[in-house]
Participant: 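Structure below; questions to follow.
So that the names make sense, note that chain A is the first sequence line, chain B the second, and so on, each numbered from 1. Bear in mind the structure is a predicted one, so any value in this text is a computation, not a measurement.
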Number of protein chains: 2
Amino acid sequence: MDVFLKTIGAVNDYTRVEILHYINQSGEVCVCDIENSFSMIQSRISRHLKILKDAGFLKVDRRGRWAFYSVIEPIDEFRASILKEINSLEINISLQKKGCNLE
Amino acid sequence: MDVFLKTIGAVNDYTRVEILHYINQSGEVCVCDIENSFSMIQSRISRHLKILKDAGFLKVDRRGRWAFYSVIEPIDEFRASILKEINSLEINISLQKKGCNLE
DNA sequence: ACAATATATCAAGATATGTTGATATATTGT
DNA sequence: ACAATATATCAACATATCTTGATATATTGT
């Protein structure tokens, strides 16, 4: 039950659904990518990414000073059904300006 | 997005997951059934049933002075996947005492 | 019409969750 | 070692959600 509620709780937030949708479309992204794509301060994004990671949706890969987040694969059937539903939502993210200083 | 969050929000609560699980196992139940099965005051149960109904999981059928709640059928794929997951949870409801005064 | 039963709704307080701004940690380049 | 960049964490406040107890509505039987 705890795992279920943690999973559900993670996607019970507008911001996190947007972030999941974005990562699903984009593949692997770093925090600054999201920070630039959404107009949100970094601490806010970092918090939401942690919640999505702890809930079993995302994994992190740290390379250099960057942390790259992506959807865990393969993913279990239940989370997959949630991701599928999120992907079907019409979400227009005002994909903004520049990326981060990745070289 | 609003519909998605309403659906998710409805199952983001321990009590409502228990109630959904119970109705799934029992079929059609009236409010007093739940009231007796769980040890909760009636206003609390009534509120949760309304949330589950508004989120598209339950339907009500009023007969006489009773309101019978049951899972909507057929149900869409996404909600079905949530119900499936809830049914797979180990939930022990201390199915208590008497039923209500149904004759 | 009245009393009893079943359910719904509301206000107030308790608890949980989200946002922000400040600060901590970690990595890279000079 | 130091400065710059990227990310994580924390405290304080704001907002949303849950619980309870009181009250409202609706149906049935006398």
Participant: For the pair made of CG in A/L58 and C1' in D/dA8, what is the distance, rounded to whole Å?
Facilitator: 16 Å

Participant: Using a strict cut-off of less than 4.0 Å between a Lys/Arg side-chain nitrogen and an Asp/Glu carboxylate oxygen, indicate whether A/R63 and A/E28 qualify as a salt bridge.
Facilitator: yes

Participant: Taking C-beta and beyond as the side chain, do B/F57 and B/I82 meet within less than 4.5 Å on heavy atoms?
Facilitator: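 SC-SC contact between B/F57 and B/I82 confirmed.
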
Participant: Whole angstroms only, please: what is the CD1-C1' distance between B/I51 and D/dT17?
Facilitator: 8 Å

Participant: How many Å lie between CG on A/D33 and P on D/dT5, as a whole number?
Facilitator: 17 Å

Participant: Pull out every stem in DNA chain D, meaning runs of 3 or more consecutive Watson-Crick or G-U wobble pairs with both distances under 3.5 Å.
Facilitator: C:1-30 with D:1-30

Participant: Does A/G64 or A/R16 map to a spot on DNA chain C nearer the 5' end, using the closest nucleotide for each?
Facilitator: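 With A/G64 and A/R16 compared, the 5'-side residue is A/R16.
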
Participant: Does the pair A/D54/A/K50 count as a salt bridge with the N-to-O cut at 4.0 Å?
Facilitator: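 Salt bridge flag = yes for A/K50 with A/D54.
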
Participant: Dump the intermediate steps for side chain to side chain contact (heavy atoms under 4.5 Å, CB included) on B/E77 and A/K84, then the final yes or no.
Facilitator: CA-CA 11 Å; B/E77 195 181 333; A/K84 184 182 167 197; 3.0 Å; yes

Participant: Of all heavy-atom pairs between A/A80 and A/I75, which one has the smallest distance, and what is that distance?
Facilitator: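 Closest pair (atom of A/A80, atom of A/I75, distance): CB-CG2, 3.7 Å.
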
Participant: Would you confirm whether A/R16, through its side chain, and A/G9, through its main-chain N or O, come within 3.5 Å as a donor-acceptor pair?
Facilitator: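 Between the backbone of A/G9 and the side chain of A/R16 there is a qualifying donor-acceptor contact (under 3.5 Å).
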
Participant: Take nucleotides 21-26 of chain D nucleotide by nucleotide from the 5' end and write B, S or -, depending on whether a protein heavy atom sits under 4.0 Å from the base, only from the sugar-phosphate, or from neither.
Facilitator: BB----

Participant: Between C/dG18 atom P and A/L49 atom CG, what is the distance in whole Å?
Facilitator: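 Whole-Å distance recorded here is 13 Å.
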
Participant: I need the CD1-P distance between B/I19 and D/dC18, as an integer number of Å.
Facilitator: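 Taking CD1 of B/I19 and P of D/dC18, I get 11 Å after rounding.
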
Participant: Round to the nearest Å and state the distance from B/Y69 atom OH to C/dT7 atom P.
Facilitator: 8 Å

Participant: Just to verify, which of B/D13, B/I86, B/N12 counts as forming a side-chain contact (heavy atoms from CB on, under 4.5 Å) with A/I8?
Facilitator: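 Filter result, single survivor: B/N12.
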
Participant: Given atom CZ of B/F68 and atom P of D/dT27, what is their separation to the nearest angstrom?
Facilitator: 14 Å

Participant: Any salt bridge between B/E73 and B/K59, counting N to O under 4.0 Å?
Facilitator: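 No.
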
Participant: Would you say B/Y14 and A/M1 make side-chain contact, with heavy atoms under 4.5 Å?
Facilitator: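 Answer yes - side chains close enough.
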
Participant: Which residues in residues 1-15 of chain B have at least one heavy atom lying under 4.0 Å from any atom of DNA chain D?
Facilitator: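 Those residues whose heavy atoms fall under 4.0 Å from DNA chain D, taken from residues 1-15 of chain B in numerical order, are B/D13, B/T15.
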
Participant: Could you state the atom-to-atom distance from CG of B/L52 to C1' of D/dC18 in whole Å?
Facilitator: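 Taking atom C1' of D/dC18 as the reference, CG of B/L52 is at 14 Å.
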
Participant: Measuring only between side-chain heavy atoms, which start at C-beta, is B/M40 closer than 4.5 Å to B/E18?
Facilitator: yes

Participant: Can you name the one residue among B/D33, B/L52, B/L49 that meets side-chain contact (heavy atoms from CB on, under 4.5 Å) with B/I23?
Facilitator: B/L49

Participant: Please determine if a side-chain N or O atom of B/H48 lies less than 4.0 Å away from the OP1 or OP2 oxygen of D/dT19.
Facilitator: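 Affirmative; the distance criterion is met.
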
Participant: A/F78 vs A/F4 aromatic rings, parallel, tilted or perpendicular, using cut-offs 30° and 60°?
Facilitator: parallel

Participant: For A/S46 and for B/R47, locate the closest nucleotide of DNA chain D by heavy-atom distance; then report the residue assigned to the nucleotide nearer the 5' terminus.
Facilitator: A/S46

Participant: Quick one: label A/R63 by what it contacts on the DNA or RNA (base, sugar-phosphate, nothing), any heavy atom closer than 4.0 Å.
Facilitator: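 Nothing, no nucleic acid heavy atom in range.
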
